[in-house]
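Here the structure is a predicted model, which is why all the values come from computation and not from measurement.
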Amino acid sequence: MNEKIIRPGVVKRIVDLTKSRNQKYTQEVVNDILTAFFDVIEEAISHGNSINLNGYITIETQYRKERKARNVAENREIIVPEHYRVNIKSGSKFNQAAECYTEMQLGEK
């Protein structure tokens, strides 16, 4: 457990899952679809739009005001300019999966 799954592993798992559902997609096709999916998200974010996949995830931009911070290496104060960051919120299905993992790892207390 606690395995770090990188992109090729995700592609392989999707191919395996679709095979078990009697659909046949190659790793190349799944990789192209995954690339297109992330390209759509990237384009939406770059235009200030948000992505909401009900029950799974919400991805949006969030404004951050200018603030002061400290450069610890040089021990001096710096100004971090105003900017937008990506904010990701998990949906109910991902939260439920995390609860199942919690119960499995920690048990009922």
Side-chain angles (χ1 to χ4, degrees):
M1 292 198 207
N2 293 335
E3 174 184 2
K4 183 178 180 181
I5 304 169
I6 59 175
R7 186 183 182 117
V10 172
V11 170
K12 183 177 181 337
R13 286 175 185 227
I14 292 171
V15 169
D16 292 344
L17 184 62
T18 58
K19 279 182 186 175
S20 72
R21 295 180 179 173
N22 295 324
Q23 298 171 343
K24 296 180 181 175
Y25 296 106
T26 64
Q27 287 189 3
E28 293 79 20
V29 169
V30 171
N31 191 44
D32 289 345
I33 292 169
L34 200 56
T35 298
F37 175 72
F38 286 121
D39 288 347
V40 166
I41 292 174
E42 181 182 357
E43 183 179 347
I45 294 298
S46 70
H47 288 93
N49 300 323
S50 64
I51 303 288
N52 183 0
L53 303 175
N54 285 337
Y56 291 99
I57 196 167
T58 300
I59 305 169
E60 59 192 0
T61 57
Q62 192 172 50
Y63 176 74
R64 305 279 190 197
K65 295 188 290 186
E66 181 179 280
R67 63 184 175 87
K68 295 179 182 178
R70 178 156 298 282
N71 181 337
V72 179
E74 298 177 7
N75 195 25
R76 66 181 179 96
E77 195 172 84
I78 59 173
I79 302 292
V80 178
E82 63 182 350
H83 60 282
Y84 283 86
R85 297 288 302 186
V86 174
N87 187 37
I88 299 174
K89 294 184 227 174
S90 60
S92 59
K93 292 185 181 187
F94 286 163
N95 289 335
Q96 194 173 34
E99 287 176 22
C100 289
Y101 180 69
T102 299
E103 288 177 12
M104 184 175 66
Q105 291 297 310
L106 303 178
E108 296 277 336
K109 288 189 177 183

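With sequence neighbours left out, Gln62 forms a side chain to side chain contact (heavy atoms under 4.5 Å, CB included) with Arg64, Asn87. Checked against ring-ring contact (aromatic ring centres under 6.0 Å, His included), Phe38 has no partners two or more places apart in sequence or in another chain. In terms of the side chain to side chain contact (heavy atoms under 4.5 Å, CB included) criterion, Ser92 has no residue partners (sequence neighbours excluded). Every side chain to side chain contact (heavy atoms under 4.5 Å, CB included) that Glu28 has, sequence neighbours left out, goes to Thr26. Partners of Glu99 by side chain to side chain donor-acceptor pair (under 3.5 Å), not counting sequence neighbours: none found. Partners of Val10 under the side chain to side chain contact (heavy atoms under 4.5 Å, CB included) rule, at least two apart in sequence or in another chain, are Ile5, Ile14, Leu34.
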Checklist entry - What's the verdict on side chain to side chain contact (heavy atoms under 4.5 Å, CB included) for Arg7 and Thr35, showing C-alpha distance, side-chain angles and the deciding distance? => result CA-CA 10 Å; Arg7 186 183 182 117; Thr35 298; 2.4 Å; yes

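Sorted by first and then second residue, the ring pair (Phe, Tyr, Trp, His ring centres under 6.0 Å) pairs with a member in residues 3-22 form an empty list; sequence neighbours excluded. Sequence neighbours left out, the pairs with a member in residues 38-53 that pass side chain to side chain donor-acceptor pair (under 3.5 Å) are Asn52-Asn54, Asn52-Thr58. The stretch residues 15-25 participates, sequence neighbours left out, in these side chain to side chain donor-acceptor pair (under 3.5 Å) pairs: Lys12-Asp16. Within the structure, the ring pair (Phe, Tyr, Trp, His ring centres under 6.0 Å) test picks out the following pairs touching residues 56-84 (sequence neighbours left out): Tyr56-Phe94, Tyr63-Tyr84.
Other members of the cluster containing Ile78 do not exist, because no ILVMFWY side chain is joined to it at under 4.5 Å. Hydrophobic cluster membership of Ile79, counting Ile, Leu, Val, Met, Phe, Trp and Tyr whose side-chain heavy atoms lie under 4.5 Å apart directly or via other members: none, as it forms a cluster of its own.
Put simply, the side chain of Arg70 reaches to within 4.5 Å of the side chain of Asn75, judged on heavy atoms.
Atoms CD1 and NZ, on Ile59 and Lys89 in that order, are 12.0 Å from each other to the nearest 0.5 Å. To the nearest 0.5 angstrom, Ile51 atom CD1 is 11.0 Å from Glu60 atom CD.
In terms of hydrophobic clustering, with Ile, Leu, Val, Met, Phe, Trp and Tyr side chains grouped at heavy-atom distances under 4.5 Å, Ile45 and Ile88 are assigned to a common cluster. Criterion: ILVMFWY side-chain heavy atoms under 4.5 Å apart, direct or through other members. Under it, Ile33 and Val40 are not part of a common hydrophobic cluster. Following chains of ILVMFWY side-chain contacts shorter than 4.5 Å, one can reach Val15 starting from Phe37, so the two form part of one hydrophobic cluster.
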